[in-house]
2 protein chains.
Amino acid sequence: MTKEKVTSQQVAQLAGVSQSAVSRVYTAGASASKKTTAKVHKAATTLGYRPNVLARAMVSGKSRIIGLFVGYLENQFYPDAIEKLSTQLQVKGYHVLIFMASKTAGNIDSVVEEILDYQVEGIIVASVALSSQLADRCRLAGVPIVLFNRSQDGEGLSCVTSDNFSGGAKAARFLLAGGHKKIGYIAGWEGASTQRDREFGFTAALQQAGGTLYAREVGDFSMEKASEATRQMFSEDSPDAVFVANDHMAFAVMDTLRFELGLRIPEDVSVISYDDVPAAAWPAYNLTTVRQCADQMVQETVRILMEQIHSDGMQGQQVAIGSPIIVRGSARIPEGWE
Amino acid sequence: MTKEKVTSQQVAQLAGVSQSAVSRVYTAGASASKKTTAKVHKAATTLGYRPNVLARAMVSGKSRIIGLFVGYLENQFYPDAIEKLSTQLQVKGYHVLIFMASKTAGNIDSVVEEILDYQVEGIIVASVALSSQLADRCRLAGVPIVLFNRSQDGEGLSCVTSDNFSGGAKAARFLLAGGHKKIGYIAGWEGASTQRDREFGFTAALQQAGGTLYAREVGDFSMEKASEATRQMFSEDSPDAVFVANDHMAFAVMDTLRFELGLRIPEDVSVISYDDVPAAAWPAYNLTTVRQCADQMVQETVRILMEQIHSDGMQGQQVAIGSPIIVRGSARIPEGWE
DNA sequence: ATAATTTTTGCATACGTATCTATTTTAGAT
DNA sequence: ATCTAAAATAGATACGTATGCAAAAATTAT
């Protein structure tokens, strides 16, 4: 393609000032007189000049780029979060370089290397596990990492999650209060901290009430697997309630219960899950679920990232956002539930 | 944060070669002997060296960055497309800098300026309209643009869409073949070419069969508006079939028909729409819809972009991908439909 | 009006890499 | 072994900007 590069040099020439003067006009906090500022702006608009972010990044070491590393976007929670993240960072003058952890495009580690090649100022990792070498490498390069919706032990990494343990417990108490006796759980991918913490919270609350898990299957956060898990779980001696590790799977579970097994929700079986993605509120599902407050999670993520970027070698922060239960119609509502 | 920058200079020193030798080792198609290549690689791994993409971009003029400008991600079609786009570009050595056209972060034009500031090699615009000044500006800067799922007249811009006209026509013929007499249409945002073309195709096919549109409302591609449009359309003398401009709205339409108006689908009213997002296949909706083949659209988008990047001042290309109708259960199936 | 201070400015340099040019090394041919 | 052609290498420069430094201009104080 034909190029037409307008440089600060050309602007300087047209404005009759030095290149450094032009640079100072576009650098916040640098000194330039009213007169030169005006001349420069005039020349700049005439030529259509805009500072080259990449060149600026080279000399200043600030790329204004945040690397976003994300596993998959099928679960609506993530697009939602990406939109919010990108928008908030944009406001702060940063932009998001996105990297998919797809299987086809090499392994995780090589992708992180690619991210670092772009001299990003920070990395947000959503729904992907990071090897400790990688974490070290980023630490060495001075690039802060924030895990979004995942936590990872032992690395001292910053992370932002919802309070999965307490959220899981809330789900259990809700089902117990509804008088359910045979409560099943459909797990997500067992390598995920979210899965683990939700299950811990859920079973802990069950046990505290003297109950126990009636059935358990694994859905790996996939709809197909979740359907299969449902068939398995309801093949004999069906539970009267199921907690599903996230909404995405819950949709599949509900569809399987209704359209394959002919069960009514919540009359025959209560379903409750976790996330509160937009579709949970759609009348077809009307799903009772524990909300992950994407707005707050994003806000905290951005805050931590900014703090780490602007301070030297700051400690990792672990933040868990409160997760309220959103009562809709997919699970029997306990008598006198406030 | 603390920095530890490893430069080609340091690698050169350790390897006992010149900086240019190191550069040539990492530049495809440059000449370097087996021996130096080995020495350089050894030194590079020792120090943990990787070329700085930004510095490379400065001198070569190739940033390996593609700007992706997207309106909103609520409609699952877009996250899906983004995932595919990003993955395919990653394979080709490009990466995606994402920009949200949110209302909170300034107007469209300023966002495009920001994209250009990053010296992107190309821009993909999804579901956003571009002013002609902007298009000119990009042309001037030598940055090719491809519109994704939108077309725009008169600018000579490249675009990739599905064949919306013929897709709309297919929807009409399907409903007609099903014996429907009172056919309504719920439009998307009327500024969108996709909306326009789908409607043209739909009404053209109706008229060709001697029919005419029985009712029409506007849903603006929003679920709330679509629900409202549905209530309006079915407030008196209801249609026996509705074509909805995209799946995203169709979900709201179906929910409203079923849970507010108590109508059965497809017994009382047939619903058909456009996109075939994953949720369309969920049993709760089981939506008959015209498929936009995201894979092919993405593939064409990437192809065109690459062509434009690697050739000087190439003509814009307009590509429309075939859009098959996917028959499920939300619309009455015509007798003997193959 | 002069001196002391502050602000503004231009010059030179640096950021990390690719690439052009000239030179040296290597391989090939006689 | 000598000459020629090809390959490899080091040195120098350029990309577009920010910034330290010293000189110049503008402002203030005396």
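In what follows, every chain begins at residue 1, and chains take the letters A, B, ... in the order their sequences are listed. The analysis underlying the following values was restricted to heavy atoms, covering all of them including side chains, and did not include hydrogens, waters or symmetry mates.
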Sugar-phosphate or base contact per nucleotide [nucleotides 14-28 of chain D; S, B, -; heavy atom under 4.0 Å]: -BBBBBB--------

Short heteroatom pairs, N/O only, protein and nucleotides 22-24 of chain C, under 3.5 Å:
none

If we count only N and O atoms by modelled type, under 3.5 Å, do the side chains of [X] and [Y] hold a donor and an acceptor together?
| X | Y | answer |
| --- | --- | --- |
| B:Tyr118 | A:Asn52 | no |
| A:Gln308 | A:Ser158 | yes |
| B:Ser23 | B:Ser20 | no |

Between atom NZ in A:Lys39 and atom C1' in C:dT8, what is the gap in whole Å?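 To the nearest whole Å, that distance equals 12 Å.
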
Using atom CG of B:Leu54 as one end and atom C1' of C:dA14 as the other, report the distance to the nearest whole Å.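 One finds 16 Å between C1' of C:dA14 and CG of B:Leu54, rounded.
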
Is B:Ala57 touching bases, backbone alone, or none of the nucleic acid, heavy atoms closer than 4.0 Å?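 No contact at all - B:Ala57 keeps every heavy atom at 4.0 Å or more from the nucleic acid.
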
Among A:Thr87, A:Ile98, A:Ile124, A:Val96, side-chain contact (heavy atoms from CB on, under 4.5 Å) partner for A:Ile82: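 Going through the options one by one, the only one that passes is A:Ile98.
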
N or O in side chain of A:Thr36 less than 4.0 angstrom from C:dT9 OP1/OP2: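 Affirmative; the distance criterion is met.
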
All N/O contacts under 3.5 Å from nucleotides 27-29 of chain C to the protein, with atom names and distances to one decimal?
none

Could you go step by step and tell me if A:Glu114 and B:Arg50 meet the salt bridge (Lys or Arg N to Asp or Glu O under 4.0 Å) rule? CA-CA 9 Å; A:Glu114 285 180 42; B:Arg50 299 207 107 219; over 6 Å; no

Any side-chain heavy atom of A:Trp189 within less than 4.5 Å of one from A:Gln195?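 Side-chain contact under 4.5 Å: no.
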
Side chains of B:Tyr78 and A:Pro79, heavy atoms from C-beta outward: is any pair under 4.5 Å?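 No, every pair of side-chain atoms sits at 4.5 Å or beyond.
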
Heavy atoms from other residues, nucleotides or ligands near CD of A:Gln13 exceed 12 (cutoff 6.0 Å):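 Incorrect, the count does not exceed 12.
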
Looking only at non-hydrogen atoms, find the nearest pair between A:Thr194 and A:Asn149 and report the distance.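 Closest approach of A:Thr194 to A:Asn149, heavy atoms only: CG2-O, 3.2 Å.
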
When the ring centroid of A:Tyr49 is compared with that of A:Tyr26, is the distance short of 6.0 Å?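 Yes, close enough.
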
